[in-house]
There are 2 protein chains.
Amino acid sequence: MAQGRVTIVDVASRAGVSKSAVSFALNGRPGLAEETRQRILDVAREMGWSPSQRGRSLAVSRAFAVGLILARAPELIGSDPFYPSFIAGAEAVLSKSGYSLLLQVLDDPAREADAYHRLATEGRVDGVFLSDMRHGDPRIAMLTELGLPAVTLNRSNISSPFPAVCLDDNAPGITVATRHLIELGHRRIAHVTGPVEFMHAVRRRDAWGAALADAGVPEGPVVVSDFTASGGAAATRELLSLEEPPTAIVYANDLMAMAGMVVAQDLGFPVPQRLSVTGFDDTELAAYVSPALTTVRTSPFAWGQHAAQTLLQFIDAGSAPDVELDSPELVIRTSTARPLEPPLT
Amino acid sequence: MAQGRVTIVDVASRAGVSKSAVSFALNGRPGLAEETRQRILDVAREMGWSPSQRGRSLAVSRAFAVGLILARAPELIGSDPFYPSFIAGAEAVLSKSGYSLLLQVLDDPAREADAYHRLATEGRVDGVFLSDMRHGDPRIAMLTELGLPAVTLNRSNISSPFPAVCLDDNAPGITVATRHLIELGHRRIAHVTGPVEFMHAVRRRDAWGAALADAGVPEGPVVVSDFTASGGAAATRELLSLEEPPTAIVYANDLMAMAGMVVAQDLGFPVPQRLSVTGFDDTELAAYVSPALTTVRTSPFAWGQHAAQTLLQFIDAGSAPDVELDSPELVIRTSTARPLEPPLT
DNA sequence: TTGTAAGCGTTATCAT
DNA sequence: ATGATAACGCTTACAA
């Protein structure tokens, strides 16, 4: 097991210099002969030394870690392709700066406030990512209070002292999906959304509504669901048993859309002949269901990269500009087609 | 923002005792008058003090954190319901002990060794979870070398100094799935597996083979795939274009199974009439595809709990017993049925 | 250009 | 039972 770890003094004595010289060499500070610096670095590598994060942390009052707290039900996270890619993207830039990611998944959302509180008071992280922004999100007040830097993934509806890194914040992805259906000739276009507490749920709903209004198409029915397969199935059943069922449904995510397509076909609404369907996320499976799902492809990896970059800059400099990432693209597959009967005009 | 944090000396002086007294009170050490202890704790709460994790870490040479490194491609992690639940389970016990989880997702598996190395030498974590165990897994030698405690999720095929926490290690889940098909009367049962470097892939393959052998059923064809939807689709196409296509396929995970079912129906093999299909994982969507997928339900949350418990114990005590979790259960839905033609006996 | 010494906030040792 | 005092491993004035 770990015999006496090699520390900075070992390296110093081996290189015949003082501790501070080693520290300077490591951190690329000026005021060291290039030759000495090189020698020190060589010795360090040779001895397999990397500075103890613990000593470092204590000395500079930094944790060299940022946090991500997910308060959704695990099942929901599990079926969301977003997080792993986001985390991979974030990690790519964090690790370059010697930062780590602390992840917390809470099965009980009630413990959320407590979790942020602990992260802050124990000084485990220097900042956090705020995802799944909610209406009047209480976390931004909480974090300002705690003095913990943050970056919000998209915006809440309240003003925030934190930089926002936005991908599809105004849901242009849904706009283009809805337009696609309109162009195909659909006039009864429904929407299945997620819990209204989530900003992205209402933003998608609004984008859908605005796209319809823009085209002078009457607003179809909306069902508020919960982003789960079971929720998507139930919502679809509800929509298709209306007196005038829609000819197309815009779902707020792929999972609900895929479950919805199955329900539709069971109820005698073959997709896309009698019902067109669009999703959101472009999960891998979306291309392999039948019919293949027309959906909106986002790039969570890039989102993670920018979010991490912005967070680090905010931590460092005390401020960082908002970032708007490129709009996601619509991937057109076979779940969308012209409606059977032309609409009455 | 956070003005000068309150430290242990503040509490000490306010309570009129020494630093060590406060430390003793906090950690419930003997050698303190009950009255003093109480007074100290009161003052601490009153001042809103909690000990700095940084100072603590340096003093006791512990990070109070454990690591999880995922070296799969993010897409693959994203479609795997395993990790979020596992992490939630682990977190549930870690946070009770004041531990945190450090997560790293590597898009480039080549950086894996380096990642473990850094985690260890920088002293960021006190131990790690080893998942996705591989054949002759190089990580266990690496970690013994580094002196970093670990817990393996299931076993590798080589001996290990680390405790193993096992769920379905010998793939009884696949055994029961295969038996289920045999009992239905299938005699040409194929298998689609994951990359053979992964222990769980070969264990599942072996379990499938053993179940067939046990029942005196000839071993069907095997296609080595990659746990992705696209891989599952390709494998299925391959199996169904054989001269004697199987009447049932045991897939090593749900994603491949769901993609496979679609391919089968496209190729004129309606499920379950002409082809029975079983999956593995019981993702949420499995119940909402058509036909609903018969699959094996595991409990990653419990796995996470036990793994964390074991890891903490191993870190603390230097040893911990292996744990075998309950076998997963087979969830029978509508993707499996009796084969059309009775087998020739 | 290099070395010395004083923190950072704990815990742990050892007198008192 | 209690209180100095020395680690822990690093950074950073400041002195040489």
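Each chain gets a letter, A, B and so on, in the order its sequence line appears, and its residues count up from 1. We use all heavy atoms of the structure for the numbers below, so side chains are in, but hydrogens, waters and symmetry mates are not.
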Checklist entry - Base, sugar-phosphate alone, or nothing: which one does A:V17 contact when heavy atoms must sit under 4.0 Å apart? => result sugar-phosphate
Practice item. With A:R139 as the cation and A:Y116 as the aromatic partner, state whether NZ or CZ is under 6.0 Å from the six-membered ring centre and within 45° of the axis. Key: no
In whole angstroms, the gap separating C1' of D:dA6 from CG of B:L58 amounts to 13 Å
Judged by nearest nucleotide, the residue sitting upstream toward the 5' end of DNA chain C, A:A33 or B:V60, is A:A33
Rounded to whole Å, CZ of B:R39 lies from C1' of D:dT2 at a distance of 12 Å
From CZ of A:F24 across to P of C:dT4 the rounded distance in Å is 14 Å
note: A:K19, atom NZ; D:dA7, atom C1'; distance rounded to Å ~ 12 Å
Check your understanding: Think B:R54 has a side-chain N or O under 4.0 angstrom from the OP1 or OP2 of C:dG9?
Key -> no
Phosphate OP1/OP2 of D:dT12: any A:S20 side-chain N/O under 4.0 Å: no
Checklist entry - Thinking salt bridges, do A:R155 and A:D169 make one under a 4.0 Å N-O criterion? => result yes
Query raised in the report: Reckon B:T36 has a side-chain N or O less than 4.0 Å from the OP1 or OP2 of D:dT2?
Result: yes
Separation between OG1 (A:T121) and CH2 (B:W49), nearest 0.5 Å, reads 11.5 Å
Base, sugar-phosphate, or nothing for A:T7, non-hydrogen atoms under 4.0 angstrom? sugar-phosphate
So CG of B:L325 and NE2 of B:H306: to nearest 0.5 Å the spacing works out to 5.5 Å
Separation of D:dC10 atom C1' from A:R62 atom CZ, nearest Å, is 15 Å
Atom CG of A:L32 and atom P of D:dT11 are separated, to the nearest Å, by 13 Å
Quiz item: Between C:dT11 and B:R56, is there an OP1 or OP2 to side-chain N/O distance shorter than 4.0 Å?
Solution: yes
Between CD1 of A:I40 and P of D:dT11 the distance, given in whole Å, is 12 Å
From CD1 of A:I8 across to P of C:dT4 the rounded distance in Å is 14 Å
Select base, sugar-phosphate, or nothing to describe what A:S61 touches, counting heavy atoms under 4.0 Å on all strands. nothing
